[in-house]
Amino acid sequence: MSTEIRTRFAPSPTGYLHIGGVRTALYNYLFAKKHKGKFILRIEDTDVERSKDEYTLAISEGMKWLGLNWDGGPYYQSERLDLYRQELKSLEKSGRAYKCFCTSEQLKEEREKAKQEGIPAGYDGKCRKLPEGEVKKLQDAGDKYTWRFKTPDTGRLSFKDAVKGTIEFDLATIGDFVIVRSDGMPTYNFTCVVDDALLKISHVIRGDDHISNTPKQILIYNALEKEPPQFAHLPQVHGKDGKRLSKRTGAVSLAEYIEMGYLSEAMLNYLALLGWSTEDSQQLFSMAELIEKFSLDRVSASAGIFDTDKLDWINGKCLRALTAREIASLASKWLKEKKLIESSDKISDKIIKAIEMEKEKISLLSDVPEKIDFMLSDNIIYDEKAVQKRLKKAGAGKILLGILEVIQNVDSFTAENLENAIRKLTEEKNISAGKIFHPLRVAVSGRMTGPGLFELIEFIGKEKTVERIKYAAEELAENE
RNA sequence: GGCGGCAUCGUCUAGUCAGGUCCAGGACACAGCCCUCUCAAGGCUGCGACACGGGUUCAAAUCCCGUUGCCGCUACCA
C-alpha cells in the first residue's frame, strides 16, 4: 500500500519570513510535488508573547509571491488547542505526563547552579515523584503547574534521517520536558507531534536545528501510539561570516530581497542550489525541472553560506529570459518611484523599447530606472568625467559639427542609415571610428555607456539629437 | 560543561555509501584574452580546495581512530 506523501512548512510567526525558512518551504514543496503529494502550511503560533498577526501575513504573502502554493491549511495551532488537550489526556491516562509545580525562577536557579558545578543541566524529574495527595494539595492551593512528559531514564533511541543518516541519542541525557505551559498553552515539541500525526505528515523536512528535538518527539509519537514520519534535517543557511544568518550580516527576510528587485524564480533557483545539487551540476532550472529532479538524498549535509553574487547572476539570467514588456511590468513599482511612469497600467512603448535596448545590463528590477531614465528625459545631465574624457579634447568640437552636418542630412532617421552615414564620414575624413563615436555618444546622452550608439540616436530622434550635438559642440567641447 | 551535527577552491558544490578512471570536475566571483562604437551579454584561458595528525591498504578526498574548528540543542522559544 502506498501512502500519500505529505509535507508541511511550519513557521512560527515571530518574525518575517526568513530566507532559510524559504528554503525549507521550497524543499518541502518540491518533495511533495515530485511525489504527487500534498504540501501543507501550518502556523505555529503557540508562543502568544512573540507571535504577531503581521508576521503571519508576511509569511503567507511571501509564500504566494514565491508561488509556493499550499494544498492544505494554513492551520493555526492557536485554533487547535482542543486537539492538544485531548492528546494530553491520553498521555495522562497512560502515565506519560505529569504535573510539575516548580516555578520558572526555581528552575532557572537550579540550572545555573548545575552549570557552575559542571553537572549536566536538565530537569531532574523532581515532581515526577510527587505523591498524589501532595499534588492535590498544591493544586487546591491554586499553585500553577506545567505538564511534563515523562522520558525514559535509560536506553538509546536512534532514527534514520534522510540527509544525515542514522542519528543516535542516549535517553539518559533527555530530561522530562514541558509539554503544556502553566497558562495552558502547549509547547512546540508537543504540538508539532500532535499536528504532524493528525495531518498525516509523511516526511518532516526542517532545519537541522531540530535534530536535538527529534528524539523527544519520537518519544511522544510512541507514547501516543502514532507512527513517526520520515525525518530529513536540512543544513543551516549561514551569513557571510559563517554564523547564523542575522541582520548584522545582511538581509534575512524575503521581503527585503523582494524590495531589492529579485525575481521569485531566481530566488527559488538560487535557494534550491544552496544545499542541493544534481550530479551534473546543472545551475539553471525552471520550477518544473526542479520538481522533476529534486531528491532528498542529494541534499548536502553541511551548512551553506548565503552569497548574493550567485543570486545576482541567476537573477540576471532570469531577467534576460523575459521580454522587455514583462520586465517593465515587473519593475513598475520602481518605475513609478522614479516618476518614469504614473501607474502600472500606463507603460508606454517608449519605455519598453528603452528596456529592450538595455535588457542585458539589468541584474535587479530596481536597476531598471537608472538604466533607461537618460533616454526618456528631455534634459540630460552631462557626466563630468565623460565630458572631460571625450569632449574636452582637441578637435572634438569640430568633429561634432562634422557629424551634425551628416546627421542633418540623413533623410530616413534609422539606426542603419545613421550608421552608414557616419561610418562613411570616418572614411572620408580618415579618422578612427572611436574618435567619432565616443564624443557623439557623450554629446547625445551625457554619458559614456549605454545602448548601441545608432539605436540610441534613432530612439532619441532627429530633433533632440541635433539640438544636443549643437549644444555639446558649442558649449562643452574643446574647439581648438 | 553535556549531547548532537558538520568539515573539498573565497562562495555554492560533484566525487565519499560500493577505495584506483581525481596530481580532484562544474558553477559564481576574480584576472586576462576574444568579440565590439561604449557598457553589458557571450566565448575562451587562467587563478584556486580534499581542516590537521595517525592508522588500514599495493592504492584513501573516499574506510578507521584521534585532534581542531564551526554550528545547533541543553527554555513554561520554535
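Chain letters run A, B, ... following the sequence lines, proteins first, then strands; residues in each count from 1.
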Which nucleotide in [options] has an atom nearest any side-chain atom of [X]:
X      : options                : result
A/R181 : B/rC76, B/rC39, B/rC70 : B/rC76
A/F169 : B/rG72, B/rG15, B/rC3  : B/rC3
A/T187 : B/rC77, B/rC3, B/rA27  : B/rC77
A/D208 : B/rG5, B/rC37, B/rA78  : B/rG5
A/T173 : B/rC37, B/rG2, B/rC76  : B/rG2
A/I167 : B/rC28, B/rC76, B/rG4  : B/rG4
A/I305 : B/rC37, B/rA29, B/rU11 : B/rU11
A/D47  : B/rC77, B/rG4, B/rG72  : B/rC77

Taking pairing as Watson-Crick or G-U wobble with both contacts under 3.5 Å, can you name the mate of [N], or confirm there isn't one?
N      : result
B/rC28 : B/rG10
B/rU67 : B/rA51
B/rC17 : none
B/rU62 : none
B/rA41 : none
B/rG1  : B/rU74

Base, sugar-phosphate alone, or nothing: which one does [X] contact when heavy atoms must sit under 4.0 Å apart?
X      : answer
A/A433 : nothing
A/T146 : base
A/K243 : sugar-phosphate
A/G450 : base
A/P11  : nothing
A/C102 : base
A/E168 : sugar-phosphate
A/G175 : nothing
A/H438 : sugar-phosphate
A/N213 : base

Between [N] and [X], is there an OP1 or OP2 to side-chain N/O distance shorter than 4.0 Å?
X      : N      : answer
A/R148 : B/rC76 : yes
A/S12  : B/rC77 : no
A/K317 : B/rG42 : yes
A/R50  : B/rC76 : no
A/T14  : B/rC77 : no
A/R320 : B/rA40 : no
A/R156 : B/rC3  : no
A/R441 : B/rC39 : no

Polar-atom pairs under 3.5 Å, protein N or O versus N or O of nucleotides 16-26 of chain B: list them with distances, or write none.
residue	atom	partner	partner atom	Å
B/rG25	N2	A/S281	OG	3.1

Note: A/D196-A/R42 ion pair, threshold 4.0 Å (strictly below) | yes
For atom [atom1], what is the distance between [N] and [M], given to the nearest Å?
N      : M      : atom1 : answer
B/rU56 : B/rG66 : C1'   : 15 Å
B/rU74 : B/rG53 : C1'   : 31 Å
B/rG19 : B/rC64 : P     : 12 Å
B/rG48 : B/rC9  : C1'   : 5 Å
B/rC52 : B/rC12 : C1'   : 24 Å
B/rC23 : B/rC28 : P     : 25 Å
B/rU16 : B/rC35 : P     : 42 Å
B/rA24 : B/rA61 : C1'   : 8 Å

The residue, A/D45 or A/R111, whose nearest nucleotide of RNA chain B is more 5′ is A/R111
If you find the nucleotide of RNA chain B closest to A/S302 and the one closest to A/I362, which residue's nucleotide is nearer the 5' end?
-> A/S302
Could you check whether [Y] and [X] have their ring centres less than 6.0 Å apart?
X      : Y      : value
A/W70  : A/F9   : no
A/Y188 : A/H210 : yes
A/W276 : A/F285 : yes

Within this structure, what is the CG-to-P distance between A/D176 and B/rA75, rounded to whole angstrom?
-> 13 Å
Distance, rounded to the nearest Å, where A/E360 contributes CD and B/rC35 contributes P | 19 Å
Would you name the heavy atoms of A/F159 and A/P215 that are closest together and state the gap between them?
-> CE2-CD, 4.4 Å
Looking at A/Y76, is A/R80 sitting on its ring face, NZ or CZ under 6.0 Å from the six-membered ring centre and within 45 degrees of the normal?
-> no
